Colleague: 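First the structure, then my questions, so here it is.
Residue numbering restarts at 1 for every chain, and letters A, B, ... go by the order of the sequence lines. Values in this document were obtained by computation on a predicted structure and should not be read as measured data.
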Amino acid sequence: SSLLKKLHKTTQARAFANGGGGGSKGDSFLLPGATVATLLMLGVLHGRRMYEDRKAEEARENGAELEFQPDVKSKFLRLLPLRSISRCWGLLTSVEIPVSLRPHVYGAWARAFHSNLEEAALPLDEYASLREFFVRTLKEGSRPIDPNPRCLVSPVDGTVLRFGELREAGAMIEQVKGFSYSVFSLLGANSFLPMIAKGDMHEESSESENTSREKNKKSWLRVSLASPKVWDPVSECPMNGLFYCVIYLNPGDYHRIHAPADWNVLVRRHFSGRLFPVNERATRTIRNLYVENERVVLEGLWKEGFMALAAIGATNIGSIELSIEPELQTNQARKKLLPSGPPEEQLYEPDGIGRMLKKGDEVAAFNMG
Amino acid sequence: STVVLVFQAPISLSQEKGDSSSEFKFSVQRGDRVRVGEALGRWYDQ
């Protein structure tokens, strides 16, 4: 405030020195109170945000597990038209950048978000817009696929947030300590998962093994009915557990999604949801974040049984483009303001062949807007 | 953006204890940086 008083005095003195110019010229230099108050408030909020983030960082370094803690900001986010903001961001990043500026713009992006420009498949000045650069492919051989037939590979570049085995009947995944969400809600009510999760794969005695095997058979019967030509994985494989892995992609990461194994995709579900940010702070403060956000779920079979992948969008990355279904459009303007209804489902090849993918094949890509 | 992978993988039931000792083992830790094509987990013959 002393700084502002000094600024105020100097502007007045300067106005006076220039022949006074009467009250009007002096007044026009006056910073109205509201602007000063707004600047001060933004400064205080920013300072508080930095303090809180530093506190969270220290807690994490001390190994403390951050807990679920809804705050005012997460409630405020619910009031914003995040989908429209996301589409505006997409329009902005689609603007063509002059060729001479491209290396500088993408270089600045790479420095800000730690992208590796060496891996980009094309020279930087061949990406016409930031949106085109964002969904860049990589040079051949940049991502060797682990050839071990008994391993599952990462479908994306990113940071492992959570992983584990789904043992409880409710098949819940922890979003952050103190809050979990249901896998059924994430994948959709029509998911083939219920039969498997209810199949209680872990029952001990042999007779229950047969009954659960029967149950499994029934569930896969439903799948095989949907896709008669798909092999029945249950009879060929030992008891199976249900596992999950959650991977977060930073804005600077390579944003294409690949098949984690040889995988036959049978069905796609598109949930036209909200577009909250999905950064670390959002996972700590927004309830059911992954279940509310716009997402595309691919479900199918691999040699060990069921496999599903949920690609979840965010405010800045609202689009999910499928290599196996290029016509799918996500983050479209919704006619009604009400939250989204049931997901839009597409059974691949109604006679049940599905879309066969080899381990490492490209499946989809995230994009801005 | 975020990707959630849900999949079945082999487990083996350890009869005497009656609880399932997963045969599938993750080869990552929370907070690890992973890249496309790197192993998330493997399973082994018992």
Side-chain angles (χ1 to χ4, degrees), chain A residues 143-146 148 150-167 173 183 186-187 193 196 201-202 204 209 233 237-249 254-258 260 278 290 302 304-314 317 360 366, chain B:
Chain A
R143 294 290 180 275
I145 305 299
D146 188 317
N148 180 342
R150 292 174 167 273
C151 91
L152 197 75
V153 299
S154 176
V156 291
D157 281 18
T159 307
V160 175
L161 292 186
R162 281 199 161 24
F163 64 91
E165 188 175 355
L166 292 167
R167 290 173 184 250
I173 296 182
V183 180
L186 180 77
L187 301 181
L193 179 70
I196 300 161
M201 252 74 61
H202 322 308
E204 296 72 37
E209 205 171 299
C237 63
M239 284 306 291
N240 275 358
L242 210 52
F243 296 85
Y244 69 93
C245 186
V246 182
I247 303 175
Y248 169 71
L249 292 83
Y254 166 61
H255 265 74
R256 286 177 181 260
I257 305 172
H258 295 253
V278 292
Y290 301 139
W302 71 309
E304 298 305 334
F306 173 85
M307 176 179 280
L309 183 145
I312 303 164
I317 303 167
F366 286 105
Chain B
S1 31
T2 303
V3 162
V4 181
L5 196 55
V6 180
F7 56 95
Q8 274 191 296
I11 60 170
S12 64
L13 292 175
S14 45
Q15 298 307 331
E16 58 281 359
K17 283 194 265 118
D19 59 353
S20 69
S21 64
S22 302
E23 193 174 1
F24 174 83
K25 291 268 181 289
F26 279 98
S27 48
V28 291
Q29 291 304 321
R30 266 169 58 177
D32 280 3
R33 287 284 301 160
V34 289
R35 302 197 333 168
V36 170
E38 289 176 354
L40 279 180
R42 294 181 172 82
W43 58 98
Y44 307 90
D45 283 331
Q46 281 296 314

Colleague: Highest number of heavy-atom pairs under 4.5 Å with chain B: which of A:Val160, A:Ile317, A:Val183?
Modeller: A:Val160
Colleague: Taking A:Ala310, A:Pro260, A:Ala314 one by one, which has the highest count of heavy-atom pairs under 4.5 Å against chain B?
Modeller: A:Ala310
Colleague: Locate the shortest heavy-atom distance separating A:Tyr254 from B:Val36; write the atom from each residue and the value.
Modeller: CE2-CG2, 3.9 Å
Colleague: Looking at every heavy atom in both A:Asp146 and B:Ala39, which two are closest together, and how far apart are they?
Modeller: OD2-CB, 3.6 Å
Colleague: Taking side chain as everything from C-beta outward and backbone as N, CA, C, O, which of these in A:Phe366 sits under 4.5 Å from a heavy atom of chain B? Side chain, backbone, both or neither.
Modeller: side chain
Colleague: Hey, which of A:His255, A:Arg143, A:Arg256 has the most heavy atom pairs under 4.5 Å with chain B?
Modeller: A:Arg143
Colleague: Only pairs of heavy atoms separated by less than 4.5 Å count here; which of B:Ser1, B:Gly37, B:Gly41 has the most with chain A?
Modeller: B:Ser1
Colleague: Report yes if some heavy atom in the side chain of B:Arg35 is under 4.5 Å from a heavy atom in the side chain of A:Ser154; otherwise report no.
Modeller: no
Colleague: Measuring only between side-chain heavy atoms, which start at C-beta, is A:Ile173 closer than 4.5 Å to B:Val4?
Modeller: yes
Colleague: With a 6.0 Å cut-off on ring centres, are A:Phe306 and B:Phe7 close enough?
Modeller: no
Colleague: Say you draw a straight line from SG of A:Cys151 to CD of B:Glu38; how long is it, rounded to the nearest 0.5 Å?
Modeller: 10.5 Å
Colleague: With chain B, which of A:Gly360, A:Gly158, A:Ala311 has the greatest number of heavy-atom pairs at distances under 4.5 Å?
Modeller: A:Gly158
Colleague: Under a 4.5 Å cut-off applied to non-hydrogen side-chain atoms, are B:Asp32 and A:Thr159 in contact?
Modeller: no
Colleague: Hey, does the side chain of A:Trp302 reach the backbone of B:Gln8 with a donor-acceptor pair shorter than 3.5 angstrom?
Modeller: yes
Colleague: Please classify the contact between A:Val156 and chain B as side chain, backbone, both or neither, with a heavy-atom cut-off of under 4.5 Å.
Modeller: both
Colleague: Let me know if A:Pro144 has heavy atoms under 4.5 Å from chain B in its side chain, its backbone, both or neither.
Modeller: backbone
Colleague: Among B:Leu5, B:Ile11, B:Leu40, which one satisfies side chain to side chain contact (heavy atoms under 4.5 Å, CB included) with A:Phe243?
Modeller: B:Ile11
Colleague: For residues A:Leu249 and B:Thr2, determine if any side-chain heavy atom of one lies less than 4.5 Å from a side-chain heavy atom of the other.
Modeller: no
Colleague: Using non-hydrogen atoms and a 4.5 Å limit, figure out which bit of A:Leu309 sits close to chain B: side chain, backbone, both or neither.
Modeller: both
Colleague: Could you tell me if the side chain of B:Arg42 sits less than 4.5 Å from the side chain of A:Arg150, heavy atoms only?
Modeller: no
Colleague: Can you check side chain to side chain contact (heavy atoms under 4.5 Å, CB included) on B:Phe24 and A:Glu304, steps first, answer last?
Modeller: CA-CA 11 Å; B:Phe24 174 83; A:Glu304 298 305 334; over 6 Å; no
Colleague: Any carboxylate oxygen within less than 4.0 angstrom of a Lys/Arg side-chain nitrogen, looking at A:Asp157 and B:Arg33?
Modeller: no
